[in-house]
Amino acid sequence: GESVGLHLPTLSVQEGDNSIINCAYSNSASDYFIWYKQESGKGPQFIIDIRSNMDKRQGQRVTVLLNKTVKHLSLQIAATQPGDSAVYFCAERGGNDYKLSFGAGTTVTVRA
Amino acid sequence: DVKVTQSSRYLVKRTGEKVFLECVQDMDHENMFWYRQDPGLGLRLIYFSYDVKMKEKGDIPEGYSVSREKKERFSLILESASTNQTSMYLCASSPGQGIQPQHFGDGTRLSIL
C-alpha cells in the first residue's frame, strides 16, 4: 500500500533560523497534500495545503514545496520561533480515495 | 473560531467494557472524523461521517462503531474494550466542500486495563 513518511523523526533548530521539514510519499496518484502542526497536549492544527498541479505555495512564514518527480514534499518555516516547537505531519490524499494517509511526524525543537 | 470539543481528556476503562467517546463541533460542519494516534504510526482513520446518520469505515474500523444522530455530535463506541485499543483518540471536522479534516479536538487519551 501507499506510505507517507518523514525523513527525520526529530529536528533541532536555532531560534531565528529557517527550518525545513521533509516528507516522502509513494503514491504517484496523490493529488492533494496537507501539513499539520501538533503542539504538546493539543490536537493537530492545519497549517497549509497544496494540490498536485502546483509546485509551491506560501503562507504566513511557511512555504510548502512539492516535487512530483521524486515524490517529495517539504515545509519551510522562516525565522523559526519558540512557538514553532511541535510535531509536524504531512498527509496525502490518493487520487481516487478521499482518505488521507499521514506520516508519523517530525518533532521540531527550537533552541533559544 | 471553530471549536471541536472532546468530552474527556483522559479516560481509564476495563477490558470488556463498552466505552463511549463524545465529540461536538460548533461550526455546522457536514464532515466529522474519528482517528487514533499511536507512536510511530501516524493518524489512522477509524470512521468518517459526511452527514447525519451517514457513516463510512476508515482504515481500522474493527472493534469500533459510531453514531451521528445530530449534525454537531459524533460518537465513537468501543463495543467491548480491549487493551490494544489503548490510544489517543482524535475527533475532527470539516465543511462539506472539503472532506479532509481541518479542525481537530485536543484528543482523549484512553487507557484500557
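Every chain is numbered from 1 and lettered A, B, ... according to where its sequence line falls, protein lines coming before strand lines.
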| task | Would you mind checking if A:Arg111 and A:Glu15 are paired as a salt bridge, meaning a charged N to carboxylate O distance below 4.0 Å? | result |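 No salt bridge links A:Glu15 with A:Arg111.
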[X] portion near chain A, given a 4.5 angstrom heavy-atom threshold:
{"X": "B:Gln6", "answer": "neither"}
{"X": "B:Leu43", "answer": "both"}
{"X": "B:Arg44", "answer": "neither"}

| request: Determine, using ring centers only, whether B:Phe104 and B:Phe33 are less than 6.0 Å apart. | output: no
| query | How about B:Phe74 and B:Tyr47: are their ring centres within less than 6.0 Å of each other? | reply | no
| note | With sequence neighbours left out, the residues meeting side chain to side chain contact (heavy atoms under 4.5 Å, CB included) with B:Tyr50 are B:Asn31, B:Phe48, B:Met54, B:Glu56
| request: For chain B, find its close neighbours in residues 42-65 of chain A: heavy-atom separation under 4.5 Å, sorted by number, or none. | output: A:Lys42, A:Gly43, A:Pro44, A:Phe46
| message | Please identify which of these residues, A:Phe89, A:Phe102, A:Tyr36, meets the ring-ring contact (aromatic ring centres under 6.0 Å, His included) condition with B:Tyr35. | response | A:Phe102
| message | Counting only heavy atoms from other residues, nucleotides and ligands, does the tally under 6.0 Å from CZ of B:Arg9 exceed 12? | response | yes
| Check against side chain to side chain contact (heavy atoms under 4.5 Å, CB included), A:Tyr32 and B:Gln100 | CA-CA 10 Å; A:Tyr32 180 62; B:Gln100 282 67 49; 3.7 Å; yes
| field | Part of A:Gln38 lying under 4.5 Å from any heavy atom of chain B | value |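 Contact with chain B is through the side chain of A:Gln38 alone.
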| task | Starting at CG of A:Leu100, measure out to OG of A:Ser30 and round the result to the nearest 0.5 Å. | result |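 Interatomic distance, A:Leu100 CG to A:Ser30 OG, rounded to 0.5 Å: 9.5 Å.
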